[in-house]
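One is the number of the first residue; the rest follow in order along the sequence.
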Amino acid sequence: MTLEQIDRAILKELASDGRCSFTDLAERVGLSVSAVHQRVKRLEQRGIVKGYAARLDGAEIGLPMSAFISLFPINPAEPDDYPKRLEHLTEIEACYSVAGDASYVLRVRVGSPVALEELLQKIRESANVSTRTTVVLSTPYEDRPPAV
């Protein structure tokens, strides 16, 4: 699926500022407001633009601790349905299927080391896995938009 250069410009602007008005977006990419509106609608319909969301400051909302948790099956003969088994745990922000020793890597956000310990127990019980945890000390940057 190839993208026209103007669509790439629109995507770059939206990735930078998802709250940009159609008027501002049109001005930035050099199209009319109606043309930009049509193109954005098409990008949404094609599934290229998946949605718009607010990025929250974890520390400010009482969830200052982030970690990555690698999942390792205890019994490789069991079904590979860990994402389904864990979807009820709201502390899990993302679940990645990965190549390598681990089957999945989870990105989680919690309020404290005790909360992380409790979450690890819930994960192990719900999915019947062993885990390896990496605690995030700082985040110099994240959620960088892709080079469109």
Heavy-atom check, side chain of V136 versus side chain of F68, under 4.5 Å: yes
Interatomic spacing from CD1 in I10 to CD in E4 - rounded to 0.5 Å: 9.0 Å
Might you confirm whether atom CG of N75 has over 12 heavy atoms from other residues, nucleotides or ligands at distances under 6.0 Å? yes
Mark yes when over 12 heavy atoms from residues, nucleotides or ligands other than E27 sit less than 6.0 Å from its CD; otherwise mark no. no
Distance col, row K41:NZ vs Q38:CD, nearest 0.5 angstrom, shows 11.0 Å
Exam field: side chain S16 to backbone K12, donor-acceptor pair closer than 3.5 Å: no
Test item: D17 and R28 side chains (from C-beta on) under 4.5 Å apart, heavy atoms: yes
Could you tabulate the donor-acceptor pairs under 3.5 Å formed by side-chain atoms of residues 49-60, not counting sequence neighbours?
from: Y52; atom 1: OH; to: E44; atom 2: OE2; distance (Å): 2.8
from: D57; atom 1: OD1; to: A59; atom 2: N; distance (Å): 3.0
from: D57; atom 1: OD1; to: E60; atom 2: N; distance (Å): 3.2

Are V40 and L3 connected into the same hydrophobic cluster when the rule is that any two of I, L, V, M, F, W, Y join if their side-chain heavy atoms are below 4.5 Å apart? yes
Members sharing V108's hydrophobic cluster, built from side-chain contacts under 4.5 Å between Ile, Leu, Val, Met, Phe, Trp and Tyr, are M65, I69, L71, Y82, L86, L89, I92, Y104, L106, V110, L116, L119, L120, I123, V129, V135
Mind checking whether L43 and L14 have side chains closer than 4.5 Å, heavy atoms only? no
In this structure, would V29 and V33 fall into the same cluster of hydrophobic residues linked by side-chain contacts under 4.5 Å? yes
Starting from the C-alpha separation in whole Å, work towards a yes-or-no answer on side chain to side chain contact (heavy atoms under 4.5 Å, CB included) for T139 and E142. CA-CA 7 Å; T139 306; E142 72 178 341; 3.8 Å; yes
Please round to the nearest 0.5 Å and tell me the distance separating atom OG of S126 and atom NE2 of H88. 3.5 Å
Residues T2 and R46: closest non-hydrogen pair is O-NH2, 3.7 Å
Under 4.5 Å between any side-chain heavy atoms of R109 and P64, yes or no? no
Report the C-alpha distance between Q5 and V148 in whole Å, list the side-chain angles of each, state the deciding distance to 0.1 Å, and finish with yes or no for side chain to side chain contact (heavy atoms under 4.5 Å, CB included). CA-CA 9 Å; Q5 199 59 36; V148 181; over 6 Å; no
Check the side chains of S66 and R107 for a donor-acceptor pair under 3.5 angstrom, ignoring hydrogens and angles. no
Should E78 and R85 be marked as a salt bridge (Lys or Arg N to Asp or Glu O under 4.0 Å) after you check the CA-CA gap, both sets of side-chain angles, and the distance that decides it? CA-CA 12 Å; E78 285 188 5; R85 293 188 211 179; 3.4 Å; yes
Show your working on side-chain hydrogen bond (donor to acceptor under 3.5 Å, both in side chains) between E125 and Q121 and close with a plain yes or no. CA-CA 6 Å; E125 289 172 358; Q121 186 62 37; 2.8 Å; yes
Not counting sequence neighbours, which residues clear ring-ring contact (aromatic ring centres under 6.0 Å, His included) with F22? List them please. H37
